[in-house]
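Hydrogens, waters and symmetry mates are skipped; everything else that's a heavy atom, side chains included, is used. These figures come from a predicted structure and were not determined experimentally. Start at 1 and go down the list; that is how both ligands and their atoms are numbered.
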Amino acid sequence: MNCALEPRKARRLSLVFPIYNEAEGLPYLRREVERWMGEQEERMEMEVVLVDDGSTDASLPFCIDWARDDARIRLVSFSRNFGHQAAVSAGLRYATGDAVVIMDADLQDPLHVVPEMIRRYEEGYDVVYGQRRERRGETFFKKASAWLFYRLLRYCVHRSIPADTGDFRLVSRRCVDIVNAMPEKHRFLRGMFAWIGFPQIAVPYVRDERRFGATKYPLHKMLRFAWTGITSFSSYPIKLVSLLGLCFALFGFAGCLYALVCHMAGLTVQGWTSLICLQALMGGVVLLAIGITGDYVGKIFEELKFRPLYLVEKTFNVEEEDAKR
Ligand code: UDP
Ligand code: MG
(Lines give C-alpha, C1' and ligand atoms only; values in the text may rest on other atoms or scores of the structure.)
(Ligands and ions follow the chains in the order given, each with its own letter.)
Protein backbone atom coordinates (compact mmCIF):
# COMPACT_ATOMS: atom_id res chain seq x y z
CA MET A 1 0.00 0.00 0.00
CA ASN A 2 1.12 3.52 -0.81
CA CYS A 3 2.27 5.03 2.53
CA ALA A 4 1.25 8.56 1.46
CA LEU A 5 -2.39 7.48 1.50
CA GLU A 6 -4.64 8.60 4.29
CA PRO A 7 -7.19 5.98 5.33
CA ARG A 8 -10.76 7.20 5.83
CA LYS A 9 -14.29 5.94 6.26
CA ALA A 10 -16.99 6.09 3.59
CA ARG A 11 -19.99 7.71 5.28
CA ARG A 12 -22.28 8.52 2.38
CA LEU A 13 -22.22 6.91 -1.04
CA SER A 14 -23.92 8.15 -4.22
CA LEU A 15 -24.63 5.88 -7.17
CA VAL A 16 -25.04 7.83 -10.44
CA PHE A 17 -26.98 6.27 -13.33
CA PRO A 18 -27.32 8.02 -16.71
CA ILE A 19 -30.48 6.72 -18.41
CA TYR A 20 -31.45 6.92 -22.05
CA ASN A 21 -34.34 4.77 -23.23
CA GLU A 22 -33.71 1.99 -20.74
CA ALA A 23 -37.37 1.26 -19.89
CA GLU A 24 -36.99 -2.46 -20.53
CA GLY A 25 -34.19 -2.87 -18.02
CA LEU A 26 -35.24 -0.39 -15.32
CA PRO A 27 -37.38 -2.84 -13.24
CA TYR A 28 -34.31 -5.09 -13.05
CA LEU A 29 -32.10 -2.11 -12.12
CA ARG A 30 -34.53 -1.13 -9.35
CA ARG A 31 -34.67 -4.66 -7.92
CA GLU A 32 -30.89 -5.04 -7.95
CA VAL A 33 -30.15 -1.59 -6.53
CA GLU A 34 -32.73 -2.00 -3.74
CA ARG A 35 -31.34 -5.42 -2.84
CA TRP A 36 -27.77 -4.11 -2.86
CA MET A 37 -28.61 -1.02 -0.81
CA GLY A 38 -30.42 -3.27 1.70
CA GLU A 39 -27.20 -5.26 2.14
CA GLN A 40 -25.02 -2.15 2.56
CA GLU A 41 -27.42 -0.11 4.73
CA GLU A 42 -25.61 -0.89 7.99
CA ARG A 43 -22.31 0.30 6.59
CA MET A 44 -23.16 3.76 5.28
CA GLU A 45 -25.80 6.16 4.08
CA MET A 46 -26.75 5.87 0.45
CA GLU A 47 -28.42 7.77 -2.35
CA VAL A 48 -29.07 7.07 -6.02
CA VAL A 49 -28.93 9.84 -8.63
CA LEU A 50 -30.89 8.97 -11.76
CA VAL A 51 -30.29 11.25 -14.73
CA ASP A 52 -32.87 10.82 -17.46
CA ASP A 53 -31.14 11.99 -20.63
CA GLY A 54 -34.26 12.91 -22.61
CA SER A 55 -35.63 9.36 -22.92
CA THR A 56 -38.50 8.94 -25.35
CA ASP A 57 -39.76 5.62 -23.93
CA ALA A 58 -41.29 4.88 -20.51
CA SER A 59 -38.02 5.43 -18.59
CA LEU A 60 -38.98 8.79 -17.08
CA PRO A 61 -42.39 7.75 -15.63
CA PHE A 62 -40.70 4.69 -14.13
CA CYS A 63 -38.00 6.84 -12.51
CA ILE A 64 -40.60 9.31 -11.19
CA ASP A 65 -42.52 6.45 -9.53
CA TRP A 66 -39.33 5.10 -8.04
CA ALA A 67 -38.35 8.53 -6.66
CA ARG A 68 -41.85 8.95 -5.19
CA ASP A 69 -41.61 5.62 -3.38
CA ASP A 70 -38.11 6.05 -2.02
CA ALA A 71 -36.56 9.24 -0.62
CA ARG A 72 -33.04 7.95 -1.34
CA ILE A 73 -33.70 8.24 -5.07
CA ARG A 74 -32.91 11.63 -6.59
CA LEU A 75 -34.02 12.25 -10.14
CA VAL A 76 -32.83 14.80 -12.67
CA SER A 77 -34.53 14.84 -16.05
CA PHE A 78 -33.12 16.61 -19.13
CA SER A 79 -35.24 18.59 -21.61
CA ARG A 80 -33.83 16.46 -24.46
CA ASN A 81 -31.04 14.02 -25.16
CA PHE A 82 -27.73 15.71 -24.36
CA GLY A 83 -25.54 12.60 -24.45
CA HIS A 84 -23.97 10.23 -21.98
CA GLN A 85 -21.12 12.52 -20.86
CA ALA A 86 -23.54 15.38 -20.14
CA ALA A 87 -25.79 13.01 -18.17
CA VAL A 88 -22.89 11.73 -16.06
CA SER A 89 -21.68 15.31 -15.52
CA ALA A 90 -25.15 16.25 -14.21
CA GLY A 91 -25.11 13.20 -11.95
CA LEU A 92 -21.76 14.29 -10.51
CA ARG A 93 -23.14 17.77 -9.89
CA TYR A 94 -26.27 16.57 -8.07
CA ALA A 95 -24.59 13.80 -6.06
CA THR A 96 -24.05 14.63 -2.39
CA GLY A 97 -22.05 11.61 -1.22
CA ASP A 98 -18.45 11.79 -0.04
CA ALA A 99 -17.80 9.03 -2.58
CA VAL A 100 -19.62 8.86 -5.90
CA VAL A 101 -19.87 5.79 -8.15
CA ILE A 102 -20.65 6.23 -11.86
CA MET A 103 -22.43 3.23 -13.38
CA ASP A 104 -24.38 2.16 -16.47
CA ALA A 105 -28.13 1.79 -16.02
CA ASP A 106 -27.98 -1.57 -17.81
CA LEU A 107 -25.81 -2.88 -14.92
CA GLN A 108 -23.16 -4.10 -17.32
CA ASP A 109 -20.83 -2.80 -14.64
CA PRO A 110 -21.88 -5.06 -11.79
CA LEU A 111 -22.79 -3.79 -8.31
CA HIS A 112 -20.79 -6.53 -6.63
CA VAL A 113 -17.57 -4.71 -7.67
CA VAL A 114 -18.56 -1.57 -5.71
CA PRO A 115 -17.64 -2.89 -2.19
CA GLU A 116 -14.09 -3.52 -3.46
CA MET A 117 -14.04 0.05 -4.80
CA ILE A 118 -15.19 1.35 -1.41
CA ARG A 119 -12.45 -0.65 0.29
CA ARG A 120 -9.85 1.02 -1.95
CA TYR A 121 -11.44 4.43 -1.30
CA GLU A 122 -11.17 3.78 2.44
CA GLU A 123 -7.48 2.98 1.99
CA GLY A 124 -7.13 6.55 0.68
CA TYR A 125 -7.48 6.31 -3.11
CA ASP A 126 -9.40 9.14 -4.76
CA VAL A 127 -10.30 7.51 -8.05
CA VAL A 128 -10.96 3.79 -8.16
CA TYR A 129 -11.72 2.78 -11.73
CA GLY A 130 -13.10 -0.49 -12.98
CA GLN A 131 -10.77 -2.11 -15.49
CA ARG A 132 -12.33 -4.67 -17.81
CA ARG A 133 -10.58 -8.00 -17.83
CA GLU A 134 -13.18 -9.47 -20.13
CA ARG A 135 -16.20 -8.16 -22.03
CA ARG A 136 -19.01 -10.66 -22.28
CA GLY A 137 -21.58 -10.78 -25.05
CA GLU A 138 -20.00 -8.07 -27.23
CA THR A 139 -19.22 -8.48 -30.90
CA PHE A 140 -15.68 -9.04 -32.12
CA PHE A 141 -15.86 -5.66 -33.84
CA LYS A 142 -16.84 -3.82 -30.63
CA LYS A 143 -14.08 -5.56 -28.66
CA ALA A 144 -11.45 -4.87 -31.35
CA SER A 145 -12.45 -1.22 -31.83
CA ALA A 146 -12.49 -0.67 -28.05
CA TRP A 147 -9.02 -2.24 -27.78
CA LEU A 148 -7.66 0.06 -30.50
CA PHE A 149 -9.47 3.12 -29.07
CA TYR A 150 -7.90 2.79 -25.59
CA ARG A 151 -4.39 2.25 -26.95
CA LEU A 152 -4.76 5.24 -29.28
CA LEU A 153 -5.97 7.39 -26.42
CA ARG A 154 -3.05 6.45 -24.24
CA TYR A 155 -0.67 7.18 -27.09
CA CYS A 156 -2.05 10.50 -28.33
CA VAL A 157 -3.93 11.93 -25.37
CA HIS A 158 -2.58 11.14 -21.96
CA ARG A 159 -0.27 8.37 -20.82
CA SER A 160 -2.18 8.10 -17.57
CA ILE A 161 -5.51 7.20 -19.22
CA PRO A 162 -5.80 3.58 -18.17
CA ALA A 163 -6.51 1.03 -20.90
CA ASP A 164 -9.83 -0.88 -20.99
CA THR A 165 -11.48 1.53 -18.60
CA GLY A 166 -14.84 3.19 -19.18
CA ASP A 167 -16.63 5.62 -16.91
CA PHE A 168 -17.38 2.99 -14.26
CA ARG A 169 -15.49 4.31 -11.25
CA LEU A 170 -15.68 5.54 -7.70
CA VAL A 171 -14.56 9.13 -7.19
CA SER A 172 -13.87 10.95 -3.91
CA ARG A 173 -15.70 14.16 -3.05
CA ARG A 174 -12.64 16.37 -3.57
CA CYS A 175 -12.13 14.99 -7.11
CA VAL A 176 -15.85 15.29 -7.95
CA ASP A 177 -15.68 18.95 -6.86
CA ILE A 178 -12.62 19.57 -9.07
CA VAL A 179 -14.23 18.00 -12.15
CA ASN A 180 -17.48 19.90 -11.46
CA ALA A 181 -15.45 23.11 -11.45
CA MET A 182 -13.93 22.38 -14.88
CA PRO A 183 -16.21 24.28 -17.25
CA GLU A 184 -15.17 22.68 -20.56
CA LYS A 185 -18.07 21.78 -22.83
CA HIS A 186 -16.53 18.95 -24.84
CA ARG A 187 -16.38 16.65 -21.88
CA PHE A 188 -14.40 13.47 -21.97
CA LEU A 189 -14.70 12.43 -18.35
CA ARG A 190 -12.30 9.52 -18.27
CA GLY A 191 -9.60 11.81 -19.70
CA MET A 192 -10.47 14.55 -17.21
CA PHE A 193 -10.16 12.12 -14.29
CA ALA A 194 -6.78 10.98 -15.60
CA TRP A 195 -5.69 14.61 -16.00
CA ILE A 196 -6.51 15.67 -12.42
CA GLY A 197 -4.12 13.13 -10.91
CA PHE A 198 -4.47 12.23 -7.18
CA PRO A 199 -4.07 8.62 -6.00
CA GLN A 200 -5.84 6.37 -8.51
CA ILE A 201 -6.08 2.61 -8.73
CA ALA A 202 -7.76 -0.05 -10.86
CA VAL A 203 -10.14 -2.75 -9.74
CA PRO A 204 -10.27 -5.50 -12.39
CA TYR A 205 -13.69 -6.91 -13.22
CA VAL A 206 -15.57 -8.89 -15.84
CA ARG A 207 -18.02 -6.75 -17.81
CA ASP A 208 -21.38 -8.48 -18.07
CA GLU A 209 -23.41 -8.55 -21.24
CA ARG A 210 -26.37 -6.24 -21.69
CA ARG A 211 -29.48 -8.05 -20.46
CA PHE A 212 -32.11 -5.66 -21.84
CA GLY A 213 -32.39 -3.32 -24.81
CA ALA A 214 -29.59 -2.41 -27.20
CA THR A 215 -26.41 -0.39 -26.78
CA LYS A 216 -26.86 3.38 -27.07
CA TYR A 217 -23.38 3.63 -28.57
CA PRO A 218 -23.67 2.55 -32.22
CA LEU A 219 -20.59 2.85 -34.44
CA HIS A 220 -21.10 6.48 -35.51
CA LYS A 221 -21.54 7.61 -31.88
CA MET A 222 -18.48 5.64 -30.82
CA LEU A 223 -16.38 7.25 -33.54
CA ARG A 224 -17.64 10.72 -32.59
CA PHE A 225 -16.83 10.01 -28.95
CA ALA A 226 -13.33 8.80 -29.87
CA TRP A 227 -12.75 11.93 -31.94
CA THR A 228 -13.95 14.16 -29.05
CA GLY A 229 -11.58 12.32 -26.75
CA ILE A 230 -8.61 12.86 -29.01
CA THR A 231 -9.33 16.44 -30.07
CA SER A 232 -10.40 17.74 -26.69
CA PHE A 233 -7.25 16.48 -25.04
CA SER A 234 -4.45 16.74 -27.51
CA SER A 235 -3.15 18.81 -30.36
CA TYR A 236 -1.55 15.67 -31.78
CA PRO A 237 -3.53 15.76 -35.07
CA ILE A 238 -2.34 19.35 -35.69
CA LYS A 239 1.24 18.34 -34.91
CA LEU A 240 0.83 15.58 -37.48
CA VAL A 241 -0.13 18.20 -40.11
CA SER A 242 3.01 20.22 -39.28
CA LEU A 243 5.15 17.09 -39.53
CA LEU A 244 3.57 16.19 -42.85
CA GLY A 245 4.20 19.74 -44.06
CA LEU A 246 7.83 19.53 -43.05
CA CYS A 247 8.25 16.21 -44.91
CA PHE A 248 6.56 17.61 -48.03
CA ALA A 249 8.71 20.76 -47.88
CA LEU A 250 11.89 18.65 -47.69
CA PHE A 251 10.77 16.46 -50.59
CA GLY A 252 9.82 19.61 -52.48
CA PHE A 253 13.26 21.05 -51.90
CA ALA A 254 14.87 17.86 -53.23
CA GLY A 255 12.46 18.02 -56.22
CA CYS A 256 13.60 21.59 -56.92
CA LEU A 257 17.26 20.59 -56.90
CA TYR A 258 16.48 17.76 -59.30
CA ALA A 259 14.55 20.11 -61.64
CA LEU A 260 17.41 22.66 -61.59
CA VAL A 261 19.99 19.98 -62.42
CA CYS A 262 17.78 18.78 -65.31
CA HIS A 263 17.44 22.41 -66.46
CA MET A 264 21.19 23.00 -66.40
CA ALA A 265 21.82 19.74 -68.27
CA GLY A 266 19.46 21.04 -70.93
CA LEU A 267 17.04 18.11 -70.48
CA THR A 268 13.86 20.15 -70.02
CA VAL A 269 11.44 22.07 -72.15
CA GLN A 270 10.95 25.78 -71.40
CA GLY A 271 8.84 26.53 -68.34
CA TRP A 272 9.02 23.02 -66.84
CA THR A 273 11.64 23.82 -64.18
CA SER A 274 9.85 26.85 -62.74
CA LEU A 275 6.52 24.98 -62.68
CA ILE A 276 7.99 21.95 -60.91
CA CYS A 277 9.87 24.13 -58.39
CA LEU A 278 6.75 26.08 -57.47
CA GLN A 279 4.57 22.99 -57.28
CA ALA A 280 7.08 20.98 -55.26
CA LEU A 281 7.61 23.70 -52.65
CA MET A 282 4.10 25.11 -52.31
CA GLY A 283 2.37 21.94 -51.03
CA GLY A 284 4.82 21.60 -48.16
CA VAL A 285 4.81 25.30 -47.31
CA VAL A 286 1.00 25.45 -47.24
CA LEU A 287 0.74 22.37 -45.01
CA LEU A 288 3.41 23.74 -42.70
CA ALA A 289 1.60 27.07 -42.49
CA ILE A 290 -1.68 25.31 -41.65
CA GLY A 291 0.13 23.26 -39.01
CA ILE A 292 1.68 26.35 -37.37
CA THR A 293 -1.62 28.24 -37.43
CA GLY A 294 -3.31 25.15 -36.05
CA ASP A 295 -0.81 25.04 -33.21
CA TYR A 296 -1.88 28.54 -32.16
CA VAL A 297 -5.55 27.57 -32.47
CA GLY A 298 -4.77 24.55 -30.29
CA LYS A 299 -3.24 26.83 -27.65
CA ILE A 300 -6.29 29.11 -27.70
CA PHE A 301 -8.43 25.98 -27.25
CA GLU A 302 -6.34 24.96 -24.24
CA GLU A 303 -6.66 28.43 -22.71
CA LEU A 304 -10.41 28.50 -23.24
CA LYS A 305 -10.87 25.37 -21.17
CA PHE A 306 -9.98 27.48 -18.12
CA ARG A 307 -8.41 24.51 -16.46
CA PRO A 308 -6.35 25.17 -13.35
CA LEU A 309 -2.61 25.39 -13.92
CA TYR A 310 -2.00 22.77 -11.23
CA LEU A 311 -3.86 20.99 -8.46
CA VAL A 312 -2.43 20.74 -4.96
CA GLU A 313 -3.02 17.51 -3.09
CA LYS A 314 -1.21 18.14 0.20
CA THR A 315 0.74 20.91 1.87
CA PHE A 316 2.93 20.92 4.98
CA ASN A 317 3.61 23.99 7.12
CA VAL A 318 1.79 26.11 4.57
CA GLU A 319 -1.25 28.25 5.30
CA GLU A 320 -4.06 28.81 2.81
CA GLU A 321 -3.18 32.50 3.01
CA ASP A 322 0.35 31.84 1.66
CA ALA A 323 -1.06 30.79 -1.71
CA LYS A 324 -3.01 34.02 -2.06
CA ARG A 325 0.00 36.25 -1.80
N1 UDP B 1 -26.76 6.93 -22.13
C2 UDP B 1 -27.20 8.23 -21.92
N3 UDP B 1 -27.31 9.07 -22.99
C4 UDP B 1 -26.98 8.70 -24.26
C5 UDP B 1 -26.46 7.39 -24.46
C6 UDP B 1 -26.36 6.53 -23.38
O7 UDP B 1 -27.52 8.59 -20.79
O8 UDP B 1 -27.09 9.52 -25.16
C9 UDP B 1 -26.67 6.00 -20.98
C10 UDP B 1 -27.29 4.64 -21.18
O11 UDP B 1 -28.65 4.63 -20.85
C12 UDP B 1 -26.45 3.76 -20.26
C13 UDP B 1 -25.08 4.43 -20.30
O14 UDP B 1 -25.29 5.76 -20.77
O15 UDP B 1 -26.91 3.81 -18.93
C16 UDP B 1 -24.10 3.72 -21.22
O17 UDP B 1 -24.69 3.47 -22.51
P18 UDP B 1 -24.63 2.02 -23.18
O19 UDP B 1 -24.84 0.98 -22.12
O20 UDP B 1 -25.58 1.98 -24.32
O21 UDP B 1 -23.14 1.98 -23.70
P22 UDP B 1 -22.21 0.67 -23.86
O23 UDP B 1 -22.19 0.00 -22.53
O24 UDP B 1 -22.84 -0.17 -24.91
O25 UDP B 1 -20.87 1.21 -24.28
MG1 MG C 1 -23.83 -0.52 -21.32
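Side-chain contact annotation: Trp36 with Glu41, donor-acceptor N/O pair under 3.5 Å absent.
Residue Arg207 approaches ligand 1 through these ligand atoms, each under 4.0 Å from one of its heavy atoms: 23 (O). Heavy-atom proximity to Ile19, at under 4.0 Å, picks out these atoms of ligand 1: 7 (O), 11 (O). With ligand atoms numbered from 1 in the order given, ligand 1 contributes 3 (N), 8 (O) to contacts under 4.0 Å with heavy atoms of Gly83. Under a 4.0 Å criterion applied to the non-hydrogen atoms of Asp104, ligand 1 contributes the atoms 13 (C), 15 (O), 16 (C), 19 (O), 23 (O).
For Gln85, the heavy-atom gap to ligand 1 stays at 4.0 angstrom or more. In this structure, Met222 does not count as a contact residue of ligand 1, since none of its heavy atoms falls inside 4.0 Å of the ligand. Under a 4.0 Å heavy-atom criterion, Lys221 is in contact with ligand 1.
Other cluster members for Met282: Val241, Leu244, Phe248, Val286, Leu287, Ile290, joined by side-chain heavy-atom distances under 4.5 Å among Ile, Leu, Val, Met, Phe, Trp and Tyr.
If you check which protein heavy atom lies closest to atom 14 (O) of ligand 1, you get His84 CD2, 3.1 Å.
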- Message: Run Tyr121 and Tyr125 through ring pair (Phe, Tyr, Trp, His ring centres under 6.0 Å) and show every step you take.
- Response: CA-CA 5 Å; Tyr121 166 81; Tyr125 287 98; over 10 Å; no
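In this structure Asp57 satisfies the salt bridge (Lys or Arg N to Asp or Glu O under 4.0 Å) test with no other residue, sequence neighbours excluded. Applying the ring pair (Phe, Tyr, Trp, His ring centres under 6.0 Å) criterion to Phe212, with sequence neighbours excluded, gives Tyr28.
Taking only nitrogen or oxygen atoms, main chain and side chain alike, Ala105 reaches within less than 3.5 Å of ligand 1.
Note on the Mg ion (ligand 2): protein N, O or S atoms under 2.8 Å away count 3, no waters included.
Two rings, from His84 and Phe225, have their centers 6.0 Å or more apart.
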